[in-house]
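Proteins get letters first, then strands, A, B, ... in listed order; numbering begins at 1 in each.
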Amino acid sequence: MHDLKTIREDADRLREAMRRRGALATYGPAIDEAEALDRDRRRMIQAVEDKKAQRNATTQIVGRKKKAGEDASADMELARGLGEEIAAFEAQLGPTESRLTELLLGIPNIPLPDVPEGDETYNVVVRTWGTPRAADGLKPHWEVGAALGLLDLERGAKIAGSGFVVYRGLGARMIRSFMNAMLDLHTGEFGYEETWVPVLVNRASMIGTGQLPKFEDDMYALRDEELFLIPTAEVPVTNLYRDEIVAGESLPMALCAYSPCFRREAGSAGKDTRGVLRVHEFDKVELVRYCRPEDGEAQLQLLLGHAEAVLQRLGLPYRVVLLAAGDLGFGSAKTYDLEVFAPGVGKWLEVSSCSVFTDFQARRANIRFRPAPGEKPRHVYTLNGSGLAFPRIFAAILEHYQQADGSVAVPEALRAWLGVDRLG
RNA sequence: GGACAGGUGGCCGAGCGGUUGAAGGCGCACGCCUGGAAAGCGUGUAAUGGUGAAAGCCAUUCGCGGGUUCGAAUCCCGCCCUGUCCGCCA
């Protein structure tokens, strides 16, 4: 969410940001309307506060006269009249403020200056690591997984629906090993605090990180209670400090969590539908950081490095992509995608999206820090990234480590967890 | 799910419907004291919005939302959360 001050003093910067996202036509009208509503709002506030000041003064007089045993009926009548005027002004102010909030909640974040302008064709490959395997003769992961008894997509579809996966035997054990290996790495070597969080959260949390109100159709929700299934652990973990003021010395803060993630994937029918590349429920380990505004860029690079480390330990070739403004998520100011190469399907798979949200989420979730004792609270910067998403790592391993005899070699880093060095 | 108790500032904790934005304490900041510290003493210490160059002034906020009233932290209703007991249960 943007500060009202941005609308008031910097609306053109906001328009320029939307233009860089290629979305000025979409959001321009909202910015225009917000500008007008802000002016209306301030005018009404001045009027209503003026009346309130008058009423407060009158009410004081009533109190004093009553205490002194004098007649106060004239002042009481005056105050009652003022009260009616106040009610009338407030009846106008209420809708103005809710509309303004609604608009503010629906405008995406401003990309940082070093984010390339334009749509996804302007994404930049920043670096690559490892050498992608030639695709010839390699099978896609769903064939390998089924042949080795690691994956049971048919029964997943039967018990839940298409887009739900059953892992079996060593396949299931692989998922568990991802959780252990990644959490151990991030907590043991990179200093993250391990958390275990609810996968059902309330509306305020979903607004805090930016899933609501705009993307409600993409979220699973309960029928009888106002609870939503999280699309990522970013939601509960970032909201941990919602409506709090944290001590300046506690920053930067680093938290990680394993969680299942639930996505309706409304409107994405037909894209990556085979195998486990796009499913309604999957697991991942998420990294979340809070920091001071001046540390945002350095913290993003740090976070990115932590996510990359997982791929390096697994020996999976990948590339780092800086997203162009038009490809940026709603709340992000700058994002690096990590894409691993899956030679069986011949594609780069996004396995992590590392972003800095500047104060966009912190303002929505009201997460602040006190820079120094006695100083005014400021909003923190929030960051997050997957470290990493399991199904695509599963797919990448089955494809990248495929052997000529149909078996799959187990990456060194997972052998201790799996207890074998070869699948099949 | 039922009964009772409770939700007040960074934290703890008082608070008769009318100078209570809110006593007191802790914490924190500054000063005095000290060779230096601790202790002690003194002073200060909420957020948000509006206005203003600034100092300041005004408004709002005592879980959230409504209501009663000239006036609500204080009274009434609904909801949320916490605690205790009961029920249920992995």
Side-chain angles (χ1 to χ4, degrees), chain A residues 1-9 34-105 196-208 212 221-222 224-228 236 239-251 253 260 290 292 359 362-380:
Chain A
M1 181 164 70
H2 299 286
D3 198 343
L4 256 185
K5 285 201 187 81
T6 307
I7 296 287
R8 193 174 306 148
E9 298 162 8
E35 265 192 304
L37 285 175
D38 175 53
R39 279 192 293 271
D40 291 349
R41 172 177 173 272
R42 280 188 289 164
R43 189 169 41 70
M44 287 188 241
I45 282 178
Q46 282 174 47
V48 83
E49 288 190 351
D50 181 54
K51 295 292 177 193
K52 280 184 176 176
Q54 286 180 44
R55 182 180 63 181
N56 288 348
T58 310
T59 280
Q60 298 262 355
I61 293 169
V62 173
R64 216 174 307 134
K65 285 193 176 172
K66 286 211 165 187
K67 199 164 276 182
E70 298 169 28
D71 174 38
S73 54
D75 296 298
M76 283 166 65
E77 198 46 52
L78 180 60
R80 186 175 305 148
L82 287 165
E84 280 164 17
E85 289 186 69
I86 289 166
F89 278 123
E90 282 183 336
Q92 293 184 293
L93 186 56
T96 301
E97 296 208 305
S98 20
R99 175 65 181 154
L100 193 51
T101 305
E102 184 188 348
L103 288 169
L104 252 30
L105 286 174
W196 194 281
V197 290
V199 298
L200 256 38
V201 298
N202 57 31
R203 180 172 287 274
S205 294
M206 293 290 270
I207 290 173
L212 297 186
L222 298 201
D224 296 326
E225 284 175 81
E226 180 110 313
L227 290 172
F228 300 85
N239 277 283
L240 238 31
Y241 290 90
R242 173 155 51 80
D243 292 321
E244 292 192 39
I245 300 173
V246 302
E249 314 88 75
S250 65
L251 300 177
M253 215 183 280
Y290 285 12
R292 293 168 182 260
D359 59 0
R363 186 169 286 111
R364 290 173 161 253
N366 192 28
I367 306 166
R368 293 173 294 172
F369 72 104
R370 207 175 286 284
E375 282 187 42
K376 287 212 160 258
R378 296 188 60 189
H379 289 108
V380 301

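B/U48 and B/C41 have their P atoms separated by 33 Å, with the value rounded to a whole Å. Distance check on atom C1': B/U69 versus B/C85 gives 38 Å, rounded to whole Å. Between B/G2 and B/G49, the two P atoms lie 40 Å apart (nearest whole Å). The separation of B/C28 from B/G35, taken at their C1' atoms, amounts to 27 Å, rounded to a whole angstrom. On the C1' atoms, B/A14 is 35 Å away from B/U51, given to the nearest whole Å. Spacing between B/G83 and B/G18 at atom P, rounded to whole Å, works out to 34 Å. Spacing between B/U61 and B/G21 at atom P, rounded to whole Å, works out to 11 Å. With C1' as the reference atom, B/C30 and B/A23 are 24 Å apart, rounded to whole Å.
Closest to the side chain of A/K376, from the set B/U60, B/G49, B/A47, is B/A47. Nearest to the side chain of A/T59, among B/U60, B/G50, B/C70, sits B/C70. Taking the side chain of A/A79 as heavy atoms from C-beta on, and the options B/U51, B/C70, B/C58, the nearest nucleotide is B/C70. Checking B/G18, B/G49, B/G10 against the side-chain heavy atoms of A/V62 singles out B/G18 as nearest.
With RNA chain B read from its 5' end, the first of the two nearest nucleotides for A/M76 and A/E49 is the one closest to A/E49. The residue among A/R55 and A/K52 whose nearest nucleotide of RNA chain B lies closer to the 5′ end is A/K52.
With hydrogens and angles left out, the side-chain atoms of A/N56 and A/T59 include no donor and acceptor closer than 3.5 Å.
Under a 4.0 Å N-O distance rule, the pair A/E49/A/K52 does not qualify as a salt bridge.
OP1 or OP2 of B/A59 sits under 4.0 Å from a side-chain N or O of A/N56. The phosphate of B/U48 has OP1 or OP2 within less than 4.0 Å of a side-chain N or O from A/R368. Distances shorter than 4.0 Å separate some side-chain N or O of A/R41 from OP1 or OP2 on B/G50. Between A/R42 and B/G50 there is no side-chain N or O to OP1 or OP2 distance below 4.0 Å.
Using a 4.0 Å heavy-atom cutoff across all strands shown, A/D50 reaches no nucleic acid atom at all. Within 4.0 Å of A/R43, counting heavy atoms only, lies no atom of the nucleic acid at all. Looking at heavy-atom distances under 4.0 Å, A/R8 makes contact with sugar-phosphate atoms alone, never a base.
Atom CZ of residue A/R203 and atom CD of residue A/E226 lie 4.0 Å apart, to the nearest 0.5 angstrom.
Within 3.5 Å, no donor on the side chain of A/Q60 pairs with an acceptor on the base of B/G71, nor the reverse.
When both distances must be under 3.5 Å, the Watson-Crick or G-U wobble mate of B/G87 does not exist.
What separates CZ of A/R363 from C1' of B/G49 is a distance of 14 Å, to the nearest Å.
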